[in-house]
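See below for the structure under consideration.
Residues take their numbers from the sequence shown, with the count starting at 1.
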Amino acid sequence: MFKTYETELAGRKLTIETGKIAELANGSVMVRYGETVVMVNVTAAKQPKEGIDFFPLSVDYEEKLYSVGKIPGSFTKREGKPADKAILTSRAIDRPLRPLFPKDFRNDTCVVATVLSVEPDNSPEVCAMIGASCALSISDIPFGGPTAAVNVGYVNDKIIINPTLEQREKTRLTLTVAGTLEKITMIEAGADEISNEIMLEAIKTAHEEIKKICNFITDIKNEIGKPKFEYQSFAVDKEVYNEIEINFKERMYKEVQAVDKTVRDANVEKITEDINNYFLEKYGEEALEEKKRDIADSIHDLEKVCVRQMILEEHKRPDGRKIDEIRPLSCEVGLLPRVHGSGIFTRGQTQVMSIVTLGMKSEEQMLDGLDEEEAKRYMHQYNFPSYSVGEARPSRGPGRREVGHGALAEKALVPVIPSEDEFPYAIRVVSEVLSSNGSTSQASICGSTLALMDAGVPIKKPVAGISTGLVTDKNDPSKYIMLTDIQGIEDFFGDMDFKVGGTKDGITAIQVDIKIDGLTYDIIKEAFERTKVARDYILDEIMLPVISKPREDISKYAPRIMTATISTEKIKDVIGPGGKMINKIIDETGVKIDISDDGKVCVYSADTESGKKALDMILDIAKIIEVGGIYNGVVTKVMSFGAFVDLGGGNEGLLHISKISSKRVEKVEDVLNIGDEVTVKVSDIDHQGRINLNMKDLEAKENEE
């Protein structure tokens, strides 16, 4: 049965429709927010997926270019692989939903959000997040929601919920918050050095709106929600777990405390081998095969119990650090001789090398998405090869995780990147993860700051990143331990990965992954305080002693750049018919040239001399001749009555014999010859465009001085 439900979100009508489309899906809704329309469909397999030890949830946010009246630019004229923005939105939808499914649920579950129409003032991403929660809530799929989400801006010192296009252009904060009625479940932010206090207030303001939407979805669920279907539980066999715990917990508790990750992994492998041999000897090969999955899950759970118990009860970490202690840190710059800038940042057994390349403005990344941003000149990419975790897997290109981590580091650094007017280069930073034991995205932020300063990019301030983790008591949610600078095992078995990047003056990026049902304001506040202290330490004690400010000059291998602005009317003259003129300049000087529609000219060259020569040639062509203007020219023809002077850009003027000098000139040839360089003043341009020149006035002025 077709149903329509309405509420208000940030002063605009939000409508959810269901019962009209996609009737074979487990749950389906159409979300309308102004003229933005997003369809969300959710499905789940009837049977669990065999041979896996995780919940197989798939979330796809599909950007359809017809939603903004565009035809795809590809050869096939249809949407191809998702753009980075769509991948990041898929991850943002996934993160608050995943913890709300049953822990023992193993049925394939798909969430597909399809963007059908976009009004720039109303975010399709928010509609997709709300729609996914609603579709799951009214479906028969086991789900412990609802959850909801909003965007937050900070404009003119005011917190704005779901800012409009005009407000987004002025905002100092781009924040997405998701939550349930009780807690915050996801935070994603890019910010222009926002303080801890303002950021926390923005999150609290967002939560008030989120609560209203959660109540709205709950009302819909209560009216039309389907009963949740029964599923095969993949909970660990308690008898198997208890037997392993009784016989091996003491040993496991000791072995997971190895400081070195490789030693710890080897210890757990040996315990796993011994546990399997124990069951083989006690119950036989057939029973071992039958209990194989339960044994593996029990070993995982026992390791998790030991790590969490150690942290909660003894305030002791697997590598022996204090709760707020950062791993050993080091960094270097200028490692690679021919690249434009490089830096390496090491945190314990996590190591990331970042490399900077400077290029022409025309080499910026072109974007083919739904929003107004068509290009970006600062690009950050993150690579996570298998050797960084000691595994042997072939590289298959960047996945969603790599895209997400690269985008986080990019957000963290965007606020300190110089404007195009200050530094008219396209900037690409690539972070190569060399070894990984947690917090590689935050090491990427630190390494990239170092590399940018090494490249001579005049960033406004250095940026550092740090993660905090969380271990909570299941029996008493108010009891928890927060960890500064989490390593891999603490992330894997912990409840939170709270990543914050920023300068000493404020936050520039946040990404929070949560494995429990949410965070309280107190936890968020403490995380902000912990990360601020850690960032300041990393900047003051580790990074700035190595390189305190951007280098005075760019690398000798980076292209030199010279800029000028010409009249827009002269752009066609500089380019010439079929590009003839600009190609002639490029061939003669070996430079590269960018000319913007507003007349801004950028010349990129390997050396200053070539760049200056090319720029002079361009300015010569683009010269605009005005009465009273003083110009350098070359004598092209000598006549009895005067000389013709080439002023550049196809402009030629007559210097009459009477205007050559204040002294009497009998013959033009006595003073001027073809090829002579002269400085002249334009005394007149007649109605036919003929230019009359004067040298006599300049001579008189020179004598006066």
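- Judged purely by atom type and a 3.5 angstrom limit, Glu410 uses its side chain to pair as donor or acceptor with the backbone of His380.
- In this structure, the side chains of Ile323 and Arg317 come closer than 4.5 Å at one or more pairs of heavy atoms.
- With Arg98 contributing its side chain and Leu57 its backbone, the two residues share a donor-acceptor pair below 3.5 Å.
- Under the 3.5 Å distance criterion, the side-chain polar atoms of Thr508 are matched with a main-chain donor or acceptor of Ala412.
- The closest donor-acceptor contact from the side chain of Thr18 to the backbone of Val29 lies at 3.5 Å or more, if one exists at all.
- Taking Phe216 as the reference, nothing meets the ring-ring contact (aromatic ring centres under 6.0 Å, His included) condition, with sequence neighbours excluded.
- One N or O on the side chain of Asp121 and one on the backbone of Leu165 form a donor-acceptor pair closer than 3.5 Å.
- At a threshold of 4.5 Å between non-hydrogen side-chain atoms, the residues His405 and Thr440 count as touching.
- No hydrogens or angles considered: a donor-acceptor pair under 3.5 Å links the side chains of Arg12 and Asn122.
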Output a table of donor-acceptor pairs, distance under 3.5 Å, between side-chain atoms of residues 137-148 and any protein atom two or more places apart or on a different chain; print 'none' if there are none.
from: Ser137; atom 1: OG; to: Ser133; atom 2: O; distance (Å): 2.7
from: Ser139; atom 1: OG; to: Leu136; atom 2: O; distance (Å): 2.8
from: Ser139; atom 1: OG; to: Ile141; atom 2: N; distance (Å): 3.1
from: Asp140; atom 1: OD1; to: Asn26; atom 2: ND2; distance (Å): 2.9
from: Thr147; atom 1: OG1; to: Gly179; atom 2: O; distance (Å): 2.9

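- Of the residues listed (Tyr231, Phe101, Phe234), the one engaging Phe55 in a ring-ring contact (aromatic ring centres under 6.0 Å, His included) is Phe101, and it is the only one.
- The heavy-atom pair separating His207 from Thr180 by the smallest distance is NE2-O, 2.9 Å.
- Within 6.0 Å of NZ on Lys170 lie no more than 12 heavy atoms contributed by other residues, nucleotides or ligands.
- For the pair Val126 and Ala149, the tightest heavy-atom approach, listed with the atom from each and the gap, is CG1-O, 3.4 Å.
- A donor-acceptor pair under 3.5 Å is formed between the side chain of Arg535 and the backbone N or O of Thr503.
- Put simply, the side chain of Asp94 never gets that close to the backbone of Ser90: no donor and acceptor are under 3.5 Å apart.
- At most 12 non-hydrogen atoms from other residues, nucleotides or ligands lie less than 6.0 angstrom from NZ of Lys13.
- Here Arg530 does not pair with Asp324 in a salt bridge; the nearest charged N to carboxylate O distance is not below 4.0 Å.
- Residue Leu116 is tested with Val37, Val38, Thr36 for a side-chain contact (heavy atoms from CB on, under 4.5 Å); the sole match is Val37.
- The side-chain contact (heavy atoms from CB on, under 4.5 Å) test with Thr205 singles out one residue from Val177, Ile160, Ile159, and that residue is Ile159.
- By the salt bridge (charged side-chain N to carboxylate O under 4.0 Å, His left out) test, Arg393 pairs with Glu391, sequence neighbours left out.
- For Arg308 (side chain) and Phe493 (main-chain N/O), a donor-acceptor pair under 3.5 Å exists by modelled atom type.
- Of all the heavy atoms in Asn107 and Ala45, the pair that sits closest is ND2-O, 2.9 Å.
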